[in-house]
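Structure first, commentary second.
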2 protein chains.
Amino acid sequence: MTDLHLGPVRLAQLGAYIREQRESAQYSLRQLASVSGVSNPYLSQIERGLRKPSADVLQQLAKALQISAETLYVRAGLLDGEQGAAAEDGDERRGAEQPAERTGVLAAIAADPHLTPRQKNALREIYLSLRGQEGND
Amino acid sequence: MTDLHLGPVRLAQLGAYIREQRESAQYSLRQLASVSGVSNPYLSQIERGLRKPSADVLQQLAKALQISAETLYVRAGLLDGEQGAAAEDGDERRGAEQPAERTGVLAAIAADPHLTPRQKNALREIYLSLRGQEGND
DNA sequence: CGGAGGTGCTTGCTTTTGCAAGCGCGCTTG
DNA sequence: CAAGCGCGCTTGCAAAAGCAAGCACCTCCG
């Protein structure tokens with residue numbers, strides 16, 4: 001019963017998220033499979049929550065979908081697994097402050113001259129994921 | 001020839017790093033195996049660069065060694081693979097600007113009331129990894 | 001209506017991951 | 001000296017990951 005093991009519900013949620021992102025990007029399953037290098041039957045299984053993809057596969061999908069790998073890792077419980085696990089436990093602390101955009105961290109990330117835009121996006125998504133999980137289900 | 005595939009050299013480096021951390025923590029191989037939940041023969045193979053561990057295993061090791069999983073993920077090429085690959089080129093610019101601690105991002109992370117200490121550490125390490133790697137180009 | 005093309009999925013297989021059982025070695029103790 | 005213990009490692013195996021081949025279905029076009 002560790003936070004390292006993704007339950008079937010979490011797997012299904014990860015898969016649904018990936019499908020969501022794919023549809024937002026207006027890719028068919030085969031198209032995303034081709035762009036990402038993951039086989040289409042396996043991608044189908046992932047999206048349906050039947051298989052647990054490795055971090056390598058998540059990285060490939062993230063690249064193809066032009067989202068940060070960290071976003072998928074958080075969803076897969078590979079980053080901040082405890083928070084992820086806590087979130088799964090139905091933590092009721094919903095009231096994450098919306099004004100997250102006003103916090104110093106986001107402003108500082110945006111203003112940082114040493115990061116590329118890509119790095120800023122990755123860091124922002126990680127930060128928002130951390131913020132969101134602390135306050136979400 | 002993508003950055004997603006860990007070459008044998010990188011695997012050996014990852015393993016050496018894990019062994020280094022283990023020795024710093026003054027664990028024997030069997031002790032770390034026991035604490036982390038990874039079998040001792042498998043840990044031996046990982047440290048010798050013979051096997052490529054999954055993110056789950058890296059997470060278990062990171063927890064047992066009390067380092068952030070992100071640190072191992074970067075080393076394993078699972079985070080910021082491009083920069084990680086660049087780092088492998090043996091760039092000697094280790095001395096990333098120390099004054100990074102003065103930048104708004106680190107200060108903002110430290111001051112952020114919504115993140116747990118653990119989350120702050122994770123975000124800091126990611127940021128510093130990004131900073132350090134950006135400096136390599 | 002039939003054919004072509006695209007879709008998502010099923011199945012059986014290969015490769016990879018991760019471990020249990022056990023090995024050889026060196027050190028300590030009686 | 002022999003036994004016991006801890007060490008790191010080898011080997012063979014089971015489970016899981018990931019894919020190729022092929023299926024059924026749907027839509028569109030001639």
Side-chain angles (χ1 to χ4, degrees), chain A residues 2-12 14-65 69 72-73 75-78 81, chain B residues 2 4-8 10-12 14-65 69 72-73 75-78 81:
Chain A
T2 76
D3 52 359
L4 294 174
H5 290 89
L6 229 51
V9 172
R10 286 294 301 272
L11 264 187
L14 172 65
Y17 180 75
I18 291 171
R19 188 175 289 237
E20 225 178 87
Q21 295 301 303
R22 171 171 71 76
E23 290 171 344
S24 288
Q26 295 194 324
Y27 277 137
S28 70
L29 191 127
R30 284 172 185 261
Q31 284 172 329
L32 177 57
S34 177
V35 170
S36 68
V38 175
S39 77
N40 86 71
Y42 190 48
L43 179 54
S44 173
Q45 288 177 315
I46 292 170
E47 288 190 353
R48 288 182 285 123
L50 300 180
R51 297 284 203 155
K52 174 177 170 158
S54 68
D56 281 343
V57 164
L58 293 177
Q59 206 179 24
Q60 285 173 263
L61 293 175
K63 191 171 190 175
L65 290 167
L72 292 182
Y73 290 170
R75 298 264 180 169
L78 297 176
Chain B
T2 76
L4 294 174
H5 291 88
L6 229 53
R10 285 296 301 277
L11 262 186
L14 172 66
Y17 180 74
I18 290 171
R19 186 175 291 235
E20 225 179 90
Q21 295 300 304
R22 171 172 68 80
E23 289 172 346
S24 288
Q26 295 196 320
Y27 278 137
S28 69
L29 190 128
R30 284 172 183 260
Q31 286 174 327
L32 177 55
S34 177
V35 171
S36 68
V38 176
S39 76
N40 87 71
Y42 191 48
L43 180 54
S44 173
Q45 289 177 315
I46 292 170
E47 288 191 354
R48 288 181 286 127
L50 300 180
R51 298 285 205 157
K52 173 177 170 160
S54 68
D56 280 343
V57 165
L58 292 177
Q59 208 180 23
Q60 286 174 262
L61 292 174
K63 192 171 188 177
L65 290 167
L72 292 183
Y73 290 170
R75 296 267 180 166
L78 298 177

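We name chains A, B, ... by the order of the sequence lines, and we start the count at 1 in each one.
One interatomic measurement links the two molecules: NZ of A:K52 to C1' of D:dA17, which rounds to 11 Å at whole-angstrom precision. Here C:dT7 presents its C1' atom at 16 Å from CD of A:Q26, a figure rounded to the nearest Å. Atom CD1 in A:I46 sits roughly 12 Å away from atom P in C:dC9 (whole-Å rounding). A straight line from CG of B:L50 to P of C:dT15 spans 19 Å, rounded to a whole angstrom. A:L29 places its CG atom 12 Å from the P atom of C:dT10, with the value rounded to the nearest Å. When the P atom of C:dG6 is taken as reference, atom OH of A:Y27 falls 17 Å away, rounded to whole Å. Taking atom CD of residue A:Q45 and atom P of nucleotide C:dG12, one finds them 13 Å apart after rounding to whole Å. Atom CD1 of A:I18 is separated from atom P of C:dG8 by 15 Å (rounded to the nearest Å).
Rounding to the nearest 0.5 Å gives a distance of 8.0 Å between OG of A:S28 and CG of A:L32.
Proximity of B:S28 to the phosphate of D:dC7: a side-chain N or O atom is located under 4.0 Å from OP1 or OP2. Between B:S54 and the phosphate of C:dT17, there is no side-chain N or O to OP1/OP2 separation shorter than 4.0 Å.
Among the heavy atoms of the strands, none lies under 4.0 Å from A:E47.
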Working note: B:R19 + B:R48, criterion side-chain contact (heavy atoms from CB on, under 4.5 Å); need CA distance, chi angles, decisive distance, verdict. CA-CA 9 Å; B:R19 186 175 291 235; B:R48 288 181 286 127; 3.7 Å; yes

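Distance alone, capped at 3.5 Å, places no donor-acceptor pair between the B:Y73 side chain and the A:A55 backbone.
No side-chain heavy atom of A:L58 sits less than 4.5 Å from a side-chain heavy atom of B:L78. Two residues are said to be in side-chain contact when any heavy atoms from C-beta on lie closer than 4.5 Å; A:P53 and A:L14 meet this criterion.
Counting only heavy atoms from C-beta on, A:R30 has its side chain closest to D:dG22 among D:dA20, D:dG8, D:dG22. Comparing D:dA17, D:dG18, D:dC9 by their closest approach to the side chain of B:P41 singles out D:dC9. The listed nucleotides are D:dC9, C:dG8, C:dT7; the one nearest the side chain of A:Q31 is C:dT7. Looking at the side chain of A:Y42, the nearest of the listed nucleotides D:dA17, C:dC19, D:dA20 is D:dA17.
DNA chain C is contacted by both A:R48 and B:R51; A:R48 maps to the nucleotide lying nearer its 5′ end (nearest heavy atom per residue).
You won't find any donor-acceptor pair under 3.5 Å spanning the side chain of B:N40 and the base of C:dC19, going by distance alone.
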